[in-house]
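Below is one structure, written out as structure tokens; the observations come after it.
Reckoned from all heavy atoms, side chains included, excluding hydrogens, waters and symmetry mates.
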Amino acid sequence: MTWEVLNIIGTLAFAISGAIIAMKEDYDILGVQVLGFTTAFGGSTIRNLLIGIPIENIWTQGDLFIAVFLTNIIVFILPTQWLQYWDKWGIFFDALGLASFAIQGALSAVGVDAPLSAVLVAATLTGSGGGMIRDVFAGRKPMIFREEIYALWATFGGLMIGLGLIQGPWSTGALFVAIVTLRMLSVHYKWRLPQHSIS
């Protein structure tokens, strides 16, 4: 049940994120659908490839495909002035997708008895994979490489699950809230990892 809820939250959150960025880049309705779908399902596709889950399992989510299609349509027909709120709410939706898919990726890896290293990689790339594909398709610098801390919070979620510190829906929910909160705080306070530039 927890896995299903996280899957729905993450998929729809990333679909909204992808559709809005497509509109900001002046994509047509087909482009909005393509970017919405690739953002929504990119992370789970990477997860399946990483930990050996049959890739065709992606195509068994018929209801979720319909939900993403309708979500993209709704975003497309929203009044244009609503897009001005993207800079505020877009990061929030992206944080929801990051947290949902990071936890989902880690749980999937634990479910196949993967080692801790694989759990960390699955959490990180499942959480950030959809956003990475979205940004590449939109011709943007991927958010995972931007200054504010992003992928690290997915890795943190994977570590908590991989170490067995998260057990049951309540602790999973608490971890979800923690990842979203930490991501939003890192944007608000501009928390950054060390960097070294070469001119």
**OP:** Using the ring pair (Phe, Tyr, Trp, His ring centres under 6.0 Å) rule, collect all pairs that involve residues 117-137, keeping only residues at least two apart or in two chains.
**Re:** none

Subject >> Pairs flagged by ring pair (Phe, Tyr, Trp, His ring centres under 6.0 Å) wherever residues 107-128 is involved - sequence neighbours left out >> reply: none

The criterion is side chain to side chain contact (heavy atoms under 4.5 Å, CB included); which residues satisfy it with [X], sequence neighbours excluded?
X	value
Leu70	Ile66
Leu12	Ile8, Ala67, Val68, Thr71
Ala118	Ala114, Pro115
Leu120	Leu116, Thr155, Leu159

Original post:
Would you find a donor on one side and an acceptor on the other, under 3.5 Å apart, between the side chain of Thr124 and the backbone of Val121?
Top reply: no

Which value, rounded to the nearest 0.5 Å, describes the distance between [X] atom [atom1] and [Y] atom [atom2]?
X	Y	atom1	atom2	answer
Thr38	Phe14	OG1	CZ	11.5 Å
Leu64	Thr11	CG	OG1	4.5 Å
Ser186	Arg192	OG	CZ	10.5 Å
Phe101	Ile9	CZ	CD1	10.5 Å

Original post:
With hydrophobic residues grouped by side-chain heavy-atom distances under 4.5 Å, do Ile77 and Ile16 end up in a single group?
Top reply: yes

**OP:** Indicate if Ile166 and Trp170 have the same hydrophobic cluster label, given that clusters are the connected sets of ILVMFWY residues with side-chain heavy-atom separations under 4.5 angstrom.
**Re:** no

Do [X] and [Y] have side chains that approach each other closer than 4.5 Å (heavy atoms only, starting at C-beta)?
X	Y	value
Phe41	Phe65	yes
Ile29	Ile73	yes
Glu4	Gln104	no
Thr45	Ile133	no
Met160	Ile103	no

Name the atoms and distances for all side-chain donor-acceptor pairs under 3.5 Å in residues 48-55, with sequence neighbours left out.
none

At their closest point, which heavy atom of [X] faces which heavy atom of [Y], and how far apart are they?
X	Y	answer
Ile161	Ala106	CD1-CB, 3.7 Å
Tyr150	Ser128	CE2-CB, 3.7 Å
Asn72	Ala19	OD1-CB, 3.7 Å
Ile46	Gly129	CD1-CA, 3.7 Å

Original post:
Between Met23 and Val75, is a side chain to side chain contact (heavy atoms under 4.5 Å, CB included) present by the stated rule, with each step listed?
Top reply: CA-CA 9 Å; Met23 292 179 67; Val75 171; 3.8 Å; yes

Subject >> ring-ring contact (aromatic ring centres under 6.0 Å, His included) partners for Phe69, two or more places apart >> reply: none

Ignoring hydrogens and angles, write down the donor-acceptor pairs under 3.5 Å from the side chains of residues 174-184, residues two or more places apart or on other chains.
from	atom 1	to	atom 2	distance (Å)
Thr181	OG1	Val177	O	2.7
Arg183	NH1	Ile149	O	2.9

**OP:** Could you verify whether a donor N or O on one side chain and an acceptor N or O on the other, from Arg134 and Ser17, lie under 3.5 Å apart?
**Re:** yes

Original post:
By the rule that ILVMFWY residues connect when side-chain heavy atoms come within less than 4.5 angstrom, directly or transitively, which residues belong alongside Val34?
Top reply: Leu30

